[in-house]
Structure formats: C-alpha cells, structure tokens
There are 2 protein chains.
Amino acid sequence: MIDPPHANAYIGHMAAHHHHKHAGASLAQAAEAALVEAGEQWTDMRSDIFAVLATFEKPASAYDIADLVSQRRGKRVAPNSVYRILDLFVTTNLARRVESANAYIANSHPGCLHDCIFLICDSCGTATHIDDDALTMSVRAAAEHAGFAQVRPVIEVRGKCADCD
Amino acid sequence: MIDPPHANAYIGHMAAHHHHKHAGASLAQAAEAALVEAGEQWTDMRSDIFAVLATFEKPASAYDIADLVSQRRGKRVAPNSVYRILDLFVTTNLARRVESANAYIANSHPGCLHDCIFLICDSCGTATHIDDDALTMSVRAAAEHAGFAQVRPVIEVRGKCADCD
DNA sequence: CGATGCACGTTACAACATTACATCGCTAAA
DNA sequence: TTTAGCGATGTAATGTTGTAACGTGCATCG
C-alpha cells in the first residue's frame with residue numbers, strides 16, 4: 001500500500017468541541033475548580049505555584065518556579081515541594097509536562113481532557129499548542145495497534161516559531 | 001467542520017519505501033558507512049560507543065554507556081566524551097534521543113532519514129518504534145501550518161507494552 | 001484527648017548535562 | 001624538518017533536573 005505524494009497534506013481538523021480559554025484570575029479560578037472537582041485541596045501553596053506557573057510564557061522548570069514562589073513568599077520553597085505539586089497538577093490536568101524541555105506549562109483549559117501537541121521554538125523557547133484530535137487519536141491508535149495499552153502520547157515539535165523564523 | 005466519530009480510526013499506513021533492518025556487525029558496518037558518508041571519522045571511540053549503544057534493548061542513558069565503554073576499554077571514559085559522540089550520532093542519524101526518557105537508542109536503519117514514533121513501556125522500559133510517514137508528515141504539516149519552520153517532530157508514546165500489559 | 005491522614009519542610013543525594021581548558025596525533029605549509 | 005593548525009579525546013569542575021527518606025504541623029474524627 002503506497003500513499004500518493006499529496007496524501008499527507010494538512011487538512012486542518014478542528015476539535016469537535018469548543019474551549020473556553022482562560023487567562024489570569026479566570027484561569028486560576030478554573031484551576032481551583034478542577035482540582036477541587038478531583039477531590040484535592042486548593043491550598044495557598046498550590047495556589048501560589050499555579051499562579052507563578054501561569055505567568056510564564058515559556059515552559060517553566062521546577063527550579064524556576066521554586067525561585068519565584070520563594071520570592072513571593074519571602075521564604076525558601078524547596079524544588080522538592082514544587083515537584084510534588086507539579087506532579088499533582090499534571091495528573092489532574094491543570095498543567096502539562098513538556099518532555100523535550102524538562103519543564104512545565106499551565107493548561108489553559110483545565111477540566112478539558114485531551115492530548116495536545118506542543119510547538120516549542122528553539123530560539124525563543126515559547127511554546128504554543130495545537131489541538132488536533134484526529135491526529136492525536138491516530139497516534140494513540142497506532143500505538144494500540146502495536147500492542148500498547150494505557151497509552152499516553154507525547155507529541156511535541158521543535159522548530160522556529162513564526163516570529164523567530 | 002466536524003469529523004464523524006470513526007474518522008480517527010487507525011488505517012495502518014506503511015512507509016512507501018522498504019528498510020533493510022540491520023543488526024549486530026551489519027549494523028555497525030552500516031553506521032560506519034553513514035558516518036563516513038557524512039564526512040566524519042569512524043574512530044575507535046565512536047565505534048565502541050556505537051557498539052555499546054547497539055547492545056541495549058532499552059534506551060540507554062549517556063552514563064550507562066559511559067560505564068560500559070569504560071569497562072570495555074579498561075579505562076574511565078567520561079560522560080562528557082560520550083555526550084559529544086552521542087550528539088554527533090544524533091545529528092548524523094545514527095542514533096535517536098528519546099526525550100521522555102533522557103536516553104538514546106541506536107537507529108536500526110542509519111542512512112534512512114525520516115521521523116519515527118517511539119513506543120516506550122513504562123514497566124519494562126523497552127522501546128520499539130513505528131514508522132508511519134503519513135502520521136509524522138501530518139504532524140509536521142500541522143506545525144508548519146501554525147507558522148513553524150525547520151520542524152523536528154518528537155513523537156513518543158508512553159504506555160504498557162504487550163508483554164507487560 | 002489521642003489517632004489518623006494529608007500537606008509541606010528539610011536534607012541529602014542521584015541522575016542528567018554542559019563548560020572550559022588541556023593534550024594528543026595527524027597533516028599541511030613554511 | 002619544524003611548526004602551526006585542526007579535529008578528537010581527556011580532565012575537572014560545575015550546573016541542572018529529579019527523587020528518597022524522614023520530620024513537623026495541623027485538621028478531623030472517633
């Protein structure tokens with residue numbers, strides 16, 4: 001089976017659902033709601049860490065966050081504590097880990113669960129994300145076809161963004 | 001535009017070209033040829049590092065490799081040196097970096113250039129890879145559609161392999 | 001009141017990665 | 001033949017990312 005050369009052209013699928021993209025206070029509120037919904041507490045520490053994470057344009061390392069949260073609280077917060085909470089955020093879908101950057105980024109629509117595709121600029125480091133469920137579902141399907149279960153796709157694209165190009 | 005529910009089903013594309021999958025000595029030979037082809041030298045050190053890398057079933061960390069190469073040579077080889085050579089291997093397509101594992105894996109068909117999809121088992125750590133050019137081209141296209149250039153897709157799927165499932 | 005559970009603190013350490021500079025061996029120009 | 005240059009590797013130090021083990025404070029509930 002051979003695909004014709006044009007078979008791979010990008011079609012521009014859009015997800016079948018619509019997102020309410022949050023920002024600022026609205027985002028924090030949505031995050032709190034999602035975390036409580038998951039049966040977890042919205043503590044001061046978690047709130048601070050989420051707030052700091054949300055201020056970043058680029059994926060933030062746990063250490064970046066630890067530094068800023070330390071400043072904000074006037075007291076050293078160990079990376080350790082930050083990792084614990086970041087892990088919680090990732091499992092509850094409030095944040096994502098960007099594997100190719102060893103860093104984290106706030107989910108701008110928490111509570112809305114699906115795979116996403118990150119585009120990370122090698123020059124300026126900013127990350128944007130695409131939602132293309134057709135594509136991510138195909139990746140999942142390919143993995144399952146190969147006998148994998150409980151799959152968690154990691155789809156990231158490194159390159160030059162439109163600004164840095 | 002809304003995709004019908006079945007639109008994401010996995011179709012099972014195969015690449016339009018055929019690979020000669022190398023193993024053992026044949027693989028080392030192919031690697032040497034590819035490196036020389038790229039205008040680089042095939043030194044003893046590079047040969048040893050490639051050989052060690054190729055023995056791994058699972059993605060190998062630079063430190064894993066450093067340890068084994070040190071044994072093999074009876075003399076400490078610093079991680080540093082290993083990283084240098086791994087970087088070279090990655091840029092010349094003799095090896096791939098598995099971002100979600102901070103580790104490297106030999107390319108079983110060096111000289112054959114295309115994106116690949118890794119499946120990494122969370123239980124046993126083994127990695128297999130899928131070639132699905134339709135899928136990877138779609139990812140590239142999606143990124144380019146978003147204004148990215150010089151794109152380098154990182155597509156990995158974490159999960160449970162058929163054996164560990 | 002005491003027991004339990006959870007969030008967070010503290011310390012130490014392990015794992016991954018880079019930087020700067022030194023040395024060695026080869027080759028090409030003087 | 002010397003020596004200047006260059007690529008590959010060695011050495012040492014350091015930076016960054018991630019985890020483990022264990023302690024403390026605080027709320028809730030019997």
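Chain A is the first sequence line, chain B the second, and so forth, proteins listed ahead of strands; every chain is numbered from 1. Remember, predicted model here, so these are calculated numbers, not experimental data.
Side-chain N/O atoms of B:S81 include one lying less than 4.0 angstrom from OP1 or OP2 on D:dG10. B:R46 has a side-chain polar atom (N or O) that falls below the 4.0 Å cut-off from OP1 or OP2 of D:dT9. Using a 4.0 Å cut-off, some side-chain N or O of B:K75 falls inside it from OP1 or OP2 of D:dT11. Between B:T43 and the phosphate of D:dA8, there is no side-chain N or O to OP1/OP2 separation shorter than 4.0 Å. A close approach under 4.0 Å does not occur between any side-chain nitrogen or oxygen of A:R97 and OP1 or OP2 of D:dT17. Proximity of A:Q41 to the phosphate of C:dC6: no side-chain N or O atom is located under 4.0 Å from OP1 or OP2. A sub-4.0 Å separation between OP1 or OP2 of D:dG18 and a side-chain N or O of A:Y83 is present. Side-chain N/O atoms of A:N80 include none lying less than 4.0 angstrom from OP1 or OP2 on D:dG18.
In this structure, A:E156 does not pair ionically with A:R158, as no charged nitrogen and carboxylate oxygen lie closer than 4.0 Å.
Atom pair A:R84:CZ and D:dG23:P shows a separation of 14 Å (rounding to whole Å applied). As a whole-Å value, the separation of B:E40 CD from D:dT9 C1' is 14 Å. At whole-Å resolution of the value, CG in B:L86 and C1' in D:dT9 are 14 Å apart. In this structure, CD1 of B:I85 is placed 11 Å from C1' of D:dG10, rounded to the nearest angstrom. Atom CG of B:N102 and atom C1' of C:dT18 are 14 Å apart (whole Å). One atom, CZ of B:R76, and another, C1' of D:dA12, lie 9 Å apart when rounded to the nearest Å. Straight-line distance from the CG atom of B:D87 to the P atom of C:dC16: 15 Å, rounded to whole Å. Between A:E99 atom CD and C:dA17 atom C1' there is a gap of 17 Å when expressed in whole angstrom units.
Ring planes of B:F50 and B:F89: perpendicular class, angle over 60° (limits at 30 and 60°).
Hydrophobic clustering (side-chain heavy atoms under 4.5 Å, transitive across Ile, Leu, Val, Met, Phe, Trp, Tyr) keeps B:F118 apart from B:I155. A continuous path of ILVMFWY side-chain contacts below 4.5 Å connects A:V139 to A:F148, so both sit in one hydrophobic cluster.
Taking for each of A:Y63 and A:R73 the nucleotide of DNA chain C with the nearest heavy atom, the 5'-most of the two is the partner of A:R73. Taking for each of B:M45 and A:Y104 the nucleotide of DNA chain D with the nearest heavy atom, the 5'-most of the two is the partner of B:M45. Comparing A:A103 and B:V77 by the nucleotide of DNA chain D whose heavy atom lies nearest to each, the residue mapping closer to the 5' end is B:V77.
The structure places CG of A:L53 at 9.0 Å from CG of A:L94, a figure rounded to the nearest 0.5 Å.
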